[in-house]
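So that the names make sense, note that chain A is the first sequence line, chain B the second, and so on, each numbered from 1.
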Number of protein chains: 2
Amino acid sequence: MKTPEDEQASVFRFFTEVGIIQQLISTRLETMLPGRMGATQFGILGHLARRPDGETPLQLSNAFQVPKTSMTHMLGVLEKLELVTIEPHPQDGRSKVARATQKGQAFLRECTGRMSREMAPVMSELGTQPFNAALPHLQLIREALDRARD
Amino acid sequence: MKTPEDEQASVFRFFTEVGIIQQLISTRLETMLPGRMGATQFGILGHLARRPDGETPLQLSNAFQVPKTSMTHMLGVLEKLELVTIEPHPQDGRSKVARATQKGQAFLRECTGRMSREMAPVMSELGTQPFNAALPHLQLIREALDRARD
DNA sequence: GTATGGTAATACGAAATCGTACTAAGTCAA
DNA sequence: TTGACTTAGTACGATTTCGTATTACCATAC
């Protein structure tokens with residue numbers, strides 16, 4: 001019979017595991033990224049690559065849950081690396097639009113490819129089953145957490 | 001029928017979801033932590049609280065996968081807040097031992113309690129089922145990733 | 001004993017992160 | 001049209017993060 005304390009503990013363990021996995025993955029990823037480019041910057045690039053019309057800095061900072069001012073900085077770095085372009089927003093004079101460049105797309109493909117190759121040993125050990133099994137639950141949890149932030 | 005590309009995609013989605021959940025949780029946690037104390041610092045405190053004999057900075061930086069020098073800094077901050085003590089290692093003159101103080105333990109309890117209360121609405125919406133269902137898979141994946149880093 | 005190689009922590013500096021305060025631009029009611 | 005209010009982005013500064021180089025200490029061989 002499970003007590004409420006056990007249940008709370010398993011939720012905390014869940015969050016701990018998520019934190020450790022994220023840390024292991026992003027550390028691994030960052031070793032094969034140039035300079036001090038971090039996992040979040042890389043995520044932004046991937047996000048933009050899937051959206052040909054680009055997004056505004058504010059949309060990005062909402063999507064990645066980082067402060068606006070951090071996003072300003074990150075986009076500036078990505079722009080200097082010529083991986084994204086930042087242009088004035090055509091409809092809103094206050095705003096900007098960030099898009100992935102060709103170079104950005106190529107860079108992204110190259111890194112994801114390298115990442116896949118790096119991860120191959122782990123993947124063949126694990127198979128895709130644990131990932132597929134966990135994914136629906138993660139999505140459920142993420143959606144609830146997302147709704148819960150006011 | 002699933003292609004290899006689909007499988008790779010679901011693994012990437014898994015990591016994406018993990019990243020987002022981690023971000024949502026740590027942002028939420030950090031709003032109720034004093035000053036600029038981050039989720040990792042808090043994790044260190046929790047880690048130490050479960051180990052009465054303490055750990056060395058190197059053990060901690062391995063456990064949390066952050067550079068040694070970051071750990072030096074974090075522990076310095078936690079020490080200044082009187083949440084941990086840092087003493088010379090009795091057996092090894094090169095090393096140190098970090099332990100959670102009483103104040104640290106109390107602080108931890110207070111924060112985890114507040115966190116639980118904050119999360120109550122989400123928890124009652126989700127129940128513990130998705131967490132318990134995902135946890136074994138996460139552990140499997142984490143262990144494999146952990147072994148895979150040389 | 002001491003020389004040599006490895007390990008633990010840190011000093012230092014460069015860059016990232018993010019809170020506060022600000023400017024410019026949009027919105028909307030009167 | 002105007003004035004109050006809201007919103008998008010950024011300048012600035014405090015702090016964190018982390019790579020490099022350094023110092024102190026341990027272990028082993030000679």
Going by the rule salt bridge (Lys or Arg N to Asp or Glu O under 4.0 Å), which residues pair with [X] if we only count those two or more places apart in sequence or in a different chain?
X	value
B/E30	none
B/R109	none
B/R13	none

Residues 35-45 of chain A side chain polar contacts: donor-acceptor under 3.5 Å, at least two apart:
unit_1 : atom_1 : unit_2 : atom_2 : d
A/Q41  : OE1    : A/G38  : N      : 3.4

Students often get this wrong, so: under 4.0 angstrom with heavy atoms, is A/T72 touching a base, only sugar-phosphate, or nothing?
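Base contact - A/T72 has a heavy atom under 4.0 Å of at least one base atom.
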Classify the nucleic acid contact of A/M74 as base, sugar-phosphate or nothing, counting any heavy atom under 4.0 Å across all strands shown.
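It contacts sugar-phosphate atoms only.
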Phosphate OP1/OP2 of D/dT16 contacted by B/H73 side-chain N/O (<4.0 Å):
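Indeed, a polar side-chain atom of B/H73 lies that close.
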Examine D/dC18: is either OP1 or OP2 under 4.0 Å from a nitrogen or oxygen in the side chain of B/S70? Give yes or no.
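True: B/S70 side-chain N/O within range (under 4.0 Å) of D/dC18 OP1/OP2.
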For atom [atom1] of [X] and atom [atom2] of [N], their distance in whole Å:
X	N	atom1	atom2	value
B/R94	D/dA27	CZ	P	7 Å
A/N62	D/dA8	CG	C1'	11 Å
B/K68	D/dT17	NZ	P	18 Å
B/Q65	D/dT17	CD	P	15 Å

In numerical order, the residues of residues 75-91 of chain A whose heavy atoms come under 4.0 Å of DNA chain D are none
Taking DNA chain D as the partner, which of residues 31-60 of chain B come within under 4.0 angstrom of it by heavy atom?
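Residues of residues 31-60 of chain B under 4.0 Å from DNA chain D: B/R36, B/Q41.
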Please report, to 0.1 Å, the donor-acceptor pairs under 3.5 Å made by any side chain of residues 77-98 of chain A, with sequence neighbours excluded.
unit_1 : atom_1 : unit_2 : atom_2 : d
A/H89  : ND1    : A/Q91  : N      : 2.9
A/H89  : ND1    : A/D92  : N      : 3.1
A/D92  : OD1    : A/R94  : N      : 2.9
A/D92  : OD1    : A/R94  : NE     : 3.1
A/D92  : OD2    : A/R94  : NH2    : 2.8

State the CG-SG distance between B/L33 and B/C111, to the nearest 0.5 angstrom.
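One gets 5.0 Å once the value is rounded to the nearest 0.5 Å.
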With side chains defined as the heavy atoms from C-beta onward, is the minimum distance between A/F131 and A/L138 less than 4.5 Å?
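They are not in contact (no side-chain heavy atoms under 4.5 Å apart), so the answer is no.
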Which residues share a side-chain contact (heavy atoms from CB on, under 4.5 Å) with A/T72, sequence neighbours left out
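By the side-chain contact (heavy atoms from CB on, under 4.5 Å) rule, A/T72 matches no residue at all.
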Results of side-chain contact (heavy atoms from CB on, under 4.5 Å) for B/E110 - residues two or more places apart only:
B/R114
Pairwise 5' ranking along DNA chain C for B/T69 and A/D92, keeping only the more 5' one
B/T69
Which sits closer to the 5' end of DNA chain D, A/E30 or A/K96, going by the nucleotide each is nearest to?
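On the 5' side of the pair lies A/K96.
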Name all residues meeting the ring-ring contact (aromatic ring centres under 6.0 Å, His included) criterion together with A/F64; count only those two or more places apart in sequence or in a different chain, and write none if there are none.
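ring-ring contact (aromatic ring centres under 6.0 Å, His included) list for A/F64, sorted by chain: A/H47.
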Any residue meeting ring-ring contact (aromatic ring centres under 6.0 Å, His included) with A/F107, in chain and number order, not counting sequence neighbours:
none
Would you grab the first and last nucleotide of DNA chain C (5' to 3') that comes under 4.0 Å of any non-hydrogen atom in chain A?
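Terminal contacting nucleotides, 5' to 3': C/dA15 to C/dG26.
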